[in-house]
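A note on names: the letters A, B, ... follow the listed sequences, proteins ahead of strands, and every chain is numbered from 1.
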Protein chains: 2
Amino acid sequence: MDNYQKGKVDIVAVAKAAKVSPSTVSRTFNHPNLVSPATRKKINRAVQKLGYIRNRAAQTMHGKRSGTIGLVVPTINHAIFAEVIQAFSETIDRAGFSLLLASHSYDLDREYAMVRKFLEHRVDGVALVGLEHSDATTRLIEQQKTPALAIWNYSEDCPLPCVGADNRLAGHLAAEHLLALGHRHIGLIFPKTTGNDRAQNRLSAVREALNEKGISVPSEHESEAPYSVSQAKQAAMSLLTEHARPTALLCGNDVIAQGGLFAAQSLGLKVPDDLSIIGIGDFKGSADVEPGLTTIRIPAETIGKLAGERFTDYITSDDPEPFRICCELERIVRGTTGPVAVF
Amino acid sequence: MDNYQKGKVDIVAVAKAAKVSPSTVSRTFNHPNLVSPATRKKINRAVQKLGYIRNRAAQTMHGKRSGTIGLVVPTINHAIFAEVIQAFSETIDRAGFSLLLASHSYDLDREYAMVRKFLEHRVDGVALVGLEHSDATTRLIEQQKTPALAIWNYSEDCPLPCVGADNRLAGHLAAEHLLALGHRHIGLIFPKTTGNDRAQNRLSAVREALNEKGISVPSEHESEAPYSVSQAKQAAMSLLTEHARPTALLCGNDVIAQGGLFAAQSLGLKVPDDLSIIGIGDFKGSADVEPGLTTIRIPAETIGKLAGERFTDYITSDDPEPFRICCELERIVRGTTGPVAVF
DNA sequence: AATAGTATTGCAAATGTTTTCATAAATTCG
DNA sequence: CGAATTTATGAAAACATTTGCAATACTATT
């Protein structure tokens with residue numbers, strides 16, 4: 001009553017208002033079956049009246065879970081991660097957890113800083129994108145015995161539990177598709193690979209697949225582009241105006257592929273007749289460009305959802321079992337790839 | 001030493017290792033100038049050695065700030081919000097805060113639930129998208145005296161501090177542009193307006209602008225589409241195959257506009273000769289489609305950044321001054337709009 | 001050298017919960 | 001009906017930190 005106005009409503013205020021002890025109030029929240037329906041009702045009325053909101057900080061301090069999970073991504077502003085974040089967020093929310101989110105712009109030192117910050121908040125678990133992390137980060141997680149999860153990549157010898165797809169396979173599938181269509185002059189546009197094992201794995205698998213056919217990519221048919229349609233378009237423009245134009249473009253992801261597509265269109269090239277283009281990812285929107293983008297689908301939503309489910313299980317379980325989940329890739333053939341033109 | 005392995009490293013463990021009192025350790029973190037350089041060094045060594053990580057939950061309980069800011073968005077998986085989230089996240093991170101993120105799928109009751117959850121975590125502030133919220137939410141924020149911020153929309157009579165753009169103006173500018181080009185038969189594709197004051201404001205402003213010119217939009221030239229290129233494309237397809245086709249399409253946002261563009265292309269319509277298209281938002285990628293999308297630019301990144309800066313200032317200030325910031329819109333004329341064809 | 005002031009440190013209380021243990025009341029059973 | 005359970009509640013300790021106050025040690029001033 002008195003401190004009703006002051007916003008200082010704590011569990012003892014509620015207890016007083018309901019004329020019971022704080023213990024009973026606490027129990028009403030945590031083990032409702034241990035308190036009689038009558039008192040429960042009294043307490044709920046008091047809670048309602050005072051506008052009491054539980055203080056998780058105090059619970060956390062007591063050794064209960066904090067109810068937060070930290071997720072550190074390279075960047076939020078990016079179709080595919082946004083999709084994973086969304087799915088992950090929704091799933092852990094359903095399990096009663098809140099999401100602490102941070103991004104590190106592909107800088108593994110900043111990743112370390114973010115993880116550390118999250119540990120200060122006593123997150124119940126921390127999820128990272130990819131398998132490549134700084135030693136400091138690995139040590140930190142290890143030492144603090146915080147449940148950790150690698151998301152997005154799958155590898156059978158991943159030291160952490162992981163939920164993701166096999167990026168090497170993705171690269172391989174993309175290359176295979178172009179080769180099967182008869183392409184031998186293939187341009188490669190990939191993002192920078194430092195601190196980005198996804199891109200790295202894809203690229204090296206592509207190279208391998210091409211090498212097996214005795215194909216090597218001349219350096220003027222290789223280009224680096226950041227995660228941006230417009231910059232990728234630029235890169236593709238210059239690559240496609242080389243004197244010996246490749247017959248196909250294999251792009252490290254769908255954003256780059258879209259850039260490639262727009263570049264081709266603005267150069268007046270017919271896709272797929274003059275140029276085939278394949279991406280990796282199958283982002284939202286890739287299906288809808290004209291022509292639809294051929295790509296290797298990475299099931300971002302599934303990954304996010306599965307990761308959320310399994311990780312919360314893992315965290316709440318008494319004897320957690322490590323797990324590794326490999327999500328299936330799918331080759332989605334749409335309109336941007338076709339057989340190589342005969343000369 | 002003993003509990004070094006057990007991960008139970010707290011401030012008193014550090015104190016013991018450094019042979020000082022816990023108070024001194026605490027002070028080293030919070031008021032370093034109050035402790036002598038020599039002891040500070042001792043303590044830092046101990047911290048290093050034991051791998052101590054401060055416990056924010058305990059600090060929070062003591063009345064210090066929790067160091068978290070909650071952001072509730074309609075959806076994460078969505079170009080424009082992703083951009084705001086990214087900018088907001090980075091900015092508050094720089095000020096030492098962590099981001100708690102949740103989405104409510106345009107359901108204001110879920111928004112309430114999310115805000116409540118955040119209040120349990122004792123966030124230092126909570127940011128919401130838009131100005132339309134359930135009464136319960138408003139009451140909750142009011143009653144808990146938690147600093148709150150409305151993001152994305154600007155309105156001069158907003159009850160909360162806000163950082164955003166004027167969506168009515170956005171709608172007006174879009175309509176004006178088409179009218180200036182001579183269009184009189186204008187198709188409208190907008191998202192559902194319930195619980196989405198952005199869309200609502202834009203749409204009503206468009207209607208007003210058209211009415212002023214004595215133009216009303218027949219119902220067969222109006223369509224509703226969710227935030228999805230492909231579904232918008234569907235909607236546009238059926239709208240554009242009506243017997244009396246409009247000469248221009250005004251779309252509630254750029255995603256829908258892209259759908260419209262692809263629909264036109266796949267129907268063999270020349271843009272902008274046969275059909276003009278204008279969007280609102282200027283999302284990443286809007287510049288890069290072929291032809292480039294004409295749109296009203298809403299500076300998402302600026303909004304996120306400004307919001308983060310001002311809000312953290314507001315939270316950390318001793319006597320916080322409410323603020324309202326209106327971010328400038330910009331008409332970006334690219335290739336999808338042109339003068340109406342003469343018959 | 002004595003005094004006043006300042007810099008550095010420690011003690012103990014306080015923060016809001018949960019949980020163990022103990023106690024009291026109610027119920028069951030022979 | 002009395003003993004044995006079971007059910008419902010409360011008291012108090014514990015969680016990891018911060019901070020006001022007090023105490024000590026050091027420095028400067030006269």
Side-chain angles (χ1 to χ4, degrees), chain A residues 3-4 6-44 46-47 50-68 96 119-124 144 146, chain B residues 3-4 6-44 46-47 50-68 119-124 144:
Chain A
N3 48 17
Y4 170 64
K6 306 222 25 186
K8 272 209 36 147
V9 186
D10 60 3
I11 206 175
V12 339
V14 174
K16 254 183 208 143
K19 297 188 205 308
V20 294
S21 75
S23 329
T24 308
V25 178
S26 172
R27 262 188 295 258
T28 324
F29 288 124
N30 299 298
H31 316 282
N33 53 314
L34 290 186
V35 25
S36 84
T39 32
R40 239 182 311 174
K41 192 170 276 177
K42 269 197 304 184
I43 289 171
N44 285 329
V47 166
L50 301 183
Y52 169 68
I53 292 188
R54 301 170 73 184
N55 186 335
R56 282 210 102 126
Q59 302 183 74
T60 303
M61 244 206 44
H62 201 77
K64 292 201 82 143
R65 274 191 285 274
S66 71
T68 55
L119 291 175
E120 291 191 355
H121 287 291
R122 294 299 187 262
V123 290
D124 299 324
Q144 296 303 121
T146 307
Chain B
N3 48 18
Y4 170 65
K6 303 222 28 184
K8 274 208 39 153
V9 185
D10 60 3
I11 206 176
V12 340
V14 173
K16 255 183 208 142
K19 298 189 203 309
V20 295
S21 76
S23 333
T24 308
V25 178
S26 172
R27 263 188 294 257
T28 319
F29 288 123
N30 299 297
H31 316 281
N33 53 313
L34 290 186
V35 24
S36 84
T39 33
R40 237 181 312 173
K41 192 169 278 177
K42 268 197 303 184
I43 290 170
N44 285 330
V47 166
L50 300 183
Y52 169 67
I53 294 186
R54 301 170 73 184
N55 186 335
R56 283 209 101 127
Q59 300 183 76
T60 303
M61 244 207 44
H62 201 79
K64 293 202 82 144
R65 273 192 286 275
S66 70
T68 55
L119 291 175
E120 292 191 354
H121 286 292
R122 294 300 188 264
V123 289
D124 298 324
Q144 298 303 121

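Sorted by residue number, the members of residues 21-33 of chain B with any non-hydrogen atom under 4.0 Å from DNA chain D read Ser23(B), Ser26(B), Arg27(B), Asn30(B), His31(B). A heavy-atom distance below 4.0 Å to DNA chain C is reached by these residues of residues 36-44 of chain B, ordered by number: Ser36(B), Thr39(B). Contacts with DNA chain D (heavy atom under 4.0 Å) in residues 59-68 of chain A: Met61(A), His62(A), listed by number.
When the side-chain nitrogen and oxygen atoms of Arg56(B) are compared with OP1 and OP2 of dA16(D), none of them lie within a distance under 4.0 Å.
For DNA chain C, the outermost nucleotides in 5' to 3' order that have an atom under 4.0 Å from a heavy atom of chain A are dG16(C) to dT20(C).
For the pair Ala17(A) and Leu50(A), the tightest heavy-atom approach, listed with the atom from each and the gap, is CB-CD1, 4.0 Å. Across Ser66(B) and Arg56(B), no two heavy atoms sit closer than the pair O-NE, 3.4 Å. Considering all non-hydrogen atoms of both residues, Ile53(A) and Arg122(B) come closest at O-NH2, 2.9 Å. Counting all heavy atoms, side chain and backbone alike, His121(B) lies closest to Thr68(B) at O-OG1, 4.4 Å. Residues Asn55(A) and Ala57(A) approach most closely at OD1-N, 2.9 Å, considering heavy atoms. Of all the heavy atoms in Gly67(B) and Asp124(B), the pair that sits closest is N-OD2, 2.6 Å.
Axis deviation across the helix from dA1(C)-dT30(D) to dG30(C)-dC1(D) amounts to 30°, comparing end segments of five pairs, rounded to 10 degrees.
Counted by atom type alone, Ser26(A) and Ser23(A) present zero donor-acceptor pairs between their side chains at under 3.5 Å.
Following rounding to the nearest Å, Glu120(A) (CD) and dT17(D) (C1') show an atom-to-atom distance of 13 Å. In this entry the distance linking NZ of Lys19(A) with P of dT9(D) reads 16 Å, nearest Å. A straight line from CG of Leu34(A) to C1' of dG10(D) spans 14 Å, rounded to a whole angstrom.
In this structure, the separation between NZ on Lys41(A) and OG1 on Thr28(A) is 14.0 Å, given to the nearest 0.5 Å. To the nearest 0.5 Å, atoms CZ (Arg40(A)) and CZ (Phe29(A)) are separated by 12.5 Å.
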Please tabulate the protein-to-nucleotide N/O contacts below 3.5 Å involving nucleotides 25-27 of chain D, giving atom names and distances.
none

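With Arg54(B) as the fixed residue, the side chain to side chain contact (heavy atoms under 4.5 Å, CB included) test singles out one of Asn30(B), Asp10(B), Val47(B), Val14(B): Asn30(B).
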